[in-house]
Amino acid sequence: MKRNVRYTVIIPVYNEEAVIQESYHRLTRVMQSTGEPYELLFINDGSGDRTAEFIEGFAERDECVKLLDFSRNFGHQIAITAGMDYALGDAIVIIDADLQDPPELIPQMIEKWKEGYEVVYAMRSQRKGETLFKKWTAAFFYRLLGALAEVKIPPDTGDFRLIDRKVCDAMHSIREKNRFVRGLVSWVGFRQTAIEYVREERYAGETKYPLKKMLRFSMDGITSFSYKPLKLATYLGFVVSFASFVYLLISLGEKIFTASTTAGWSSLIACLMLLNGVILILFGIIGEYIGRIYDETKDRPLYILRNKQKIEKVKLKEVKWSVQ
Ligand code: UDP
Ligand code: MG
């Protein structure tokens, strides 16, 4: 099949009816300014509102618009992956629908790509309109990940980035289930560079990342890229054994050299509680890894499309890309 799309923009959407029109217009304006053929590939991640209807409406009028419709909510990272699977462009841009990542930055990314960089990621120099809690936890998470991860994952960087066709093809070979896409892009390598930007406020609507999803996402990041939490058991084991041995010597000394030995009931309970707590935490960490191994062995598909036929037709037919 002849590839006649220069740029693909991947936009995952989940209940974004409040912003979708504005994002479509801004993206279209920016992409038309490039003067080259492009596609806007929306992935509807099981929205319960009118998001898909809006996109179908755009697609009727504008053949640059395509829609991948998930059968349910599979999650942001899976939606991006599906976008990469179906993208036709020579360069692929991943962007959030809520306009926190300004589309106007895309031409700058394209410029860097034309200079020869294969990954151009956008680094947040400032985050606007997000709660202190989100800013602090995000800052902490990126620092922790930096300390633990075996590959270098740039801090304060989301999935807003441009990747070359080669990187996209390399990503196809990675089919792990609990995906931390920004880490995987670092893992595949290639020539990477950054541009800085100010992360804007959400244009409208609420965040689709409640605390539970955020925690799961950060756990995926850490467990996919580091075994160090598992090693914690060994280190803690040594420390606790050493401390217990010292404590044993002290109590023996008290018993032999002093007349009064303390009853020791409360200290015993305290030690037991502490140790049980530590053991449970370590079990939990091991559980996180085992759960992910379980997901891999089940080997389910990453996502299910509601209307697969439609997109296959789009993939096969020769589309005349209109650049107005
Ligand atoms: N999103 C998605 N599936 C989800 C959650 C989010 O496709 O389960 C999309 C969402 O529509 C948006 C992007 O992922 O385009 C980022 O989500 P959001 O802006 O809510 O996250 P935040 O910026 O608050 O971290
Ligand atoms: Mg957002």
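Remember, it's 1-based here, ligands and their atoms both numbered in the order they're listed. Since this is a predicted model, take the numbers as computed values, not measurements.
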| Ring centre gap for Y117 and F190 strictly below 6.0 Å | no

| message | So does V120 get a backbone contact from the side chain of T193, meaning a donor-acceptor N/O pair under 3.5 Å? | response | no

| Side-chain donor/acceptor of K208 to backbone N/O of E206, under 3.5 Å | yes

| said: Can you confirm if the NZ or CZ of R72 lies within 45° of the ring axis of F70 and under 6.0 Å from the centre of its six-membered ring? | reply: no

| request: Kindly state whether the ring of H76 and the ring of Y14 have centres lying under 6.0 angstrom apart. | output: no

| field | Distance-only side-chain donor-acceptor flag, E39 / T8, under 3.5 Å | value | yes

| said: Any donor-acceptor pair under 3.5 Å linking the side-chain atoms of Q100 with those of R202? | reply: no

| said: If we count only N and O atoms by modelled type, under 3.5 Å, do the side chains of Y24 and D62 hold a donor and an acceptor together? | reply: yes

| request: Could you walk me through whether F180 and F217 pass ring-ring contact (aromatic ring centres under 6.0 Å, His included), step by step? | output: CA-CA 7 Å; F180 185 66; F217 175 72; 5.1 Å; yes

| remark: Pocket residues around ligand 1 (non-hydrogen, under 4.0 Å) come out as P12, V13, Y14, E16, D45, N73, G75, H76, D96, A97, D98, Q100, K134, R199, R202, T207, K208, Y209, K213

| field | If only protein N, O or S atoms under 2.8 Å count, total around the Mg ion (ligand 2) | value | 2

